[in-house]
Amino acid sequence: MCGRYALALRPSQVRRMLEENDMQVDGAPEDEGPGAPRQSHNFAPGYHGIVYRADVPDYGAGPAKEHSSGTKGSSSAKDDTAVTNNTKTDQDAHDPNHFILQSMKWGLVPFWTKRNPDYSSVMKTINCRDDSLAQNGGMWNTMKARKRCLVIAQGFYEWLKVGPKEKVPHYVKRKDGKLMCFAGLWDCVRYEEGEREGERNYTYTIITTDSNAQLKFLHDRMPVILDPGSEAMRIWLDPERHEWSKDLQGVLKPYEGELEVYPVSKEVGKVGNDSPSFIIPVASRENKGNIANFFANQGKPKGKASLKDQTEPEVEVVTEMDGVKRVKTESLDEVAKDADDGGMKREQEHAVTAGSKRRAESPAPEEKEPPHKKATVKSPSPVTQPTRKTRSATTNVGKSPAKVKAPAKGKEPGAQKITKFFGNSA
DNA sequence: CCAGACGTTGTT
DNA sequence: GTCTGG
DNA sequence: CCAGACGTTGTT
DNA sequence: GTCTGG
């Protein structure tokens with residue numbers, strides 16, 4: 001289900017927005033540079049996104065040596081040597097009372113993985129079912145106990161199936177305009193060999209649960225969404241809880257707040273495309289207006305209030321079961337070619353960046369991550385940003401936000417699909 | 001003991 | 001890494 | 001998650 | 001259909 005979402009904000013913007021919701025942020029990754037999270041309205045698995053979590057060591061919350069399952073108590077209790085020890089104590093800098101934003105790669109790879117896992121394996125861990133966490137064994141055991149986090153997004157996409165071949169993308173966001181915080185799990189792995197040997201690779205997964213009544217027509221599953229400042233969020237992120245419990249399991253339930261759901265441009269289906277229009281109702285007046293402005297203003301970033309607030313979707317989800325067919329047809333086509341509008345000469349070259357071919361031909365033998373094609377149009381601050389609460393100045397605490405170590409850049413799968421990451425011993 | 005799984009979604 | 005099956 | 005590729009021989 | 005890239 002949650003296999004694509006929107007996060008076109010820089011870490012600094014995310015930080016500010018969370019702080020406006022009274023969330024403590026003691027560190028954040030750089031907006032740019034190696035390992036920086038990607039900004040895209042079409043955020044896909046494998047990208048580096050923004051995760052929020054307690055500032056605990058790489059082995060997670062709780063005592064360094066303890067086993068999450070509490071199994072056996074023997075052991076000499078002396079040998080410190082933290083888990084992946086060596087190389088400086090990676091801890092001394094951690095403070096569980098601090099919460100940080102960190103860049104991590106979407107698609108969880110467990111810490112015990114020996115080699116860079118193949119693509120298909122990783123794709124299966126972009127999500128984690130809430131009911132999988134209710135069972136005791138399994139690969140999530142350590143993470144659910146000690147490595148819980150929030151995955152930050154503006155909203156997510158879901159494709160409504162209409163008929164045997166048609167799929168209409170819908171965007172889902174919070175009605176109150178706040179950032180969407182998914183319950184997630186993270187981990188850190190250091191491969192034993194390969195080009196990434198020794199590097200710390202941070203990855204994450206998004207927890208899914210049953211859809212709430214509002215989204216049932218779209219899909220039967222949805223990500224777990226937590227409200228900023230809620231008790232559920234506090235529990236989920238609490239580093240003092242380093243064992244699974246009913247309280248924690250209880251956090252994982254369908255969202256009870258209000259969401260906004262509406263169809264969007266089919267262009268979002270093509271990975272690699274990116275445009276602010278993807279999070280705007282496809283057939284709305286705003287959309288047309290925005291798109292027009294968008295291209296009209298190509299040269300000047302300031303422009304008028306282009307896409308400021310796109311409330312009232314007026315398109316709304318319309319029916320579904322039987323009316324499905326019509327839902328998409330016209331409206332979508334319309335937008336697809338609406339760029340030409342009724343008389344404007346300008347046309348669609350759009351903001352939609354064309355997806356690149358898969359002609360892997362790296363001129364330089366380095367750099368992994370897919371090219372961050374600088375979106376044709378950069379959206380300073382696209383939609384969103386309600387400024388609801390308008391808290392007093394977000395006192396930018398004087399702490400150095402550089403506490404978070406830049407995560408190792410992930411390597412794109414595919415180069416060498418060795419081992420499946422589940423199969424290795426210690 | 002060792003070897004192998006450890007996952008999700010969607011579709012049938 | 002842990003847990004299960006053989 | 002969806003979209004798109006999915007191939008060989010031979011020549012430069 | 002399956003697999004890969006983004």
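Sequence lines set the chain letters: A, B, ... in the order given, protein chains first and strands last, and positions in each chain run from 1.
Atom CZ of A:Phe278 is separated from atom C1' of D:dA3 by 13 Å (rounded to the nearest Å). The interatomic distance linking A:Leu218 (CG) with B:dT9 (C1') rounds to 15 Å, in whole Å. Taking atom CE of residue A:Met222 and atom C1' of nucleotide B:dT9, one finds them 16 Å apart after rounding to whole Å. Here C:dT2 presents its C1' atom at 9 Å from CH2 of A:Trp112, a figure rounded to the nearest Å. Following rounding to the nearest Å, A:Phe156 (CZ) and B:dT8 (P) show an atom-to-atom distance of 18 Å. In this structure, OH of A:Tyr59 is placed 20 Å from C1' of C:dT2, rounded to the nearest angstrom. When the P atom of B:dT11 is taken as reference, atom CH2 of A:Trp159 falls 13 Å away, rounded to whole Å. One can place NZ of A:Lys167 at 11 Å from C1' of D:dG4, the figure rounded to the nearest angstrom.
Here A:Thr205 lies out of heavy-atom contact (under 4.0 Å) with every strand. Note on A:Cys2: nothing from the nucleic acid sits closer than 4.0 angstrom, heavy atoms only. Within the 4.0 angstrom heavy-atom criterion, only backbone atoms of the sugar-phosphate kind lie near A:Asp220; the bases stay farther away.
Distances from the side chain of A:Tyr119 to the nucleotides B:dT8, E:dG5, D:dC2 place E:dG5 closest. Residue A:Arg129 has its side chain nearest to B:dT9 when only D:dA3, B:dT9, E:dG6 are considered. For A:Asn127, counting side-chain heavy atoms from C-beta on, the closest listed nucleotide (E:dG6, B:dT9, D:dA3) is B:dT9. Side-chain proximity of A:Cys128 to B:dT8, D:dC2, E:dG6: nearest is B:dT8. Nearest nucleotide to the A:Lys270 side chain, out of E:dG6, B:dT9, D:dA3: D:dA3.
A:Glu197 pairs by the salt bridge (Lys or Arg N to Asp or Glu O under 4.0 Å) definition with nothing, not counting sequence neighbours. With sequence neighbours excluded, the residues satisfying side-chain hydrogen bond (donor to acceptor under 3.5 Å, both in side chains) with A:Arg129 are A:Asp131. Not counting sequence neighbours, the partners of A:Ser211 by the side-chain contact (heavy atoms from CB on, under 4.5 Å) test are A:Leu215, A:Lys216, A:Met222. The side-chain hydrogen bond (donor to acceptor under 3.5 Å, both in side chains) search around A:Asn127 returns none, not counting sequence neighbours. Every residue two or more places apart in sequence or in another chain that forms a side-chain contact (heavy atoms from CB on, under 4.5 Å) with A:Leu179 is listed here: A:Leu9, A:Val14, A:Met17, A:Leu18, A:Ile152, A:Gln154.
For A:Arg115 and A:Tyr191, the positive end is not near the middle of the six-membered ring at less than 6.0 Å and at most 45° from its axis. Both tests hold for A:Arg53 against A:Trp186: distance to the six-membered ring centre under 6.0 Å, angle to the ring axis within 45°.
Side chain to side chain, A:Tyr204 and A:Asp187 fail the donor-acceptor criterion of an N or O pair below 3.5 Å.
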Quiz item: In dot-bracket notation, what is the pairing pattern of DNA chain D, taking Watson-Crick (N1-N3 plus N6-O4 or O6-N4) and G-U wobble (N1-O2 and O6-N3) contacts under 3.5 Å, with [ ] crossing and | for other strands?
Solution: ||||||......
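Put simply, A:Thr208 has a side-chain N or O that comes within less than 4.0 Å of OP1 or OP2 on B:dT9. Checking the phosphate oxygens (OP1, OP2) of B:dT11, a side-chain nitrogen or oxygen of A:Lys161 falls inside 4.0 Å.
As rounded to the nearest Å, D:dC2 and B:dT11 have C1' atoms that lie 15 Å from one another. For the C1' atom pair drawn from D:dT9 and E:dG1, the interatomic distance equals 27 Å after rounding to whole Å.
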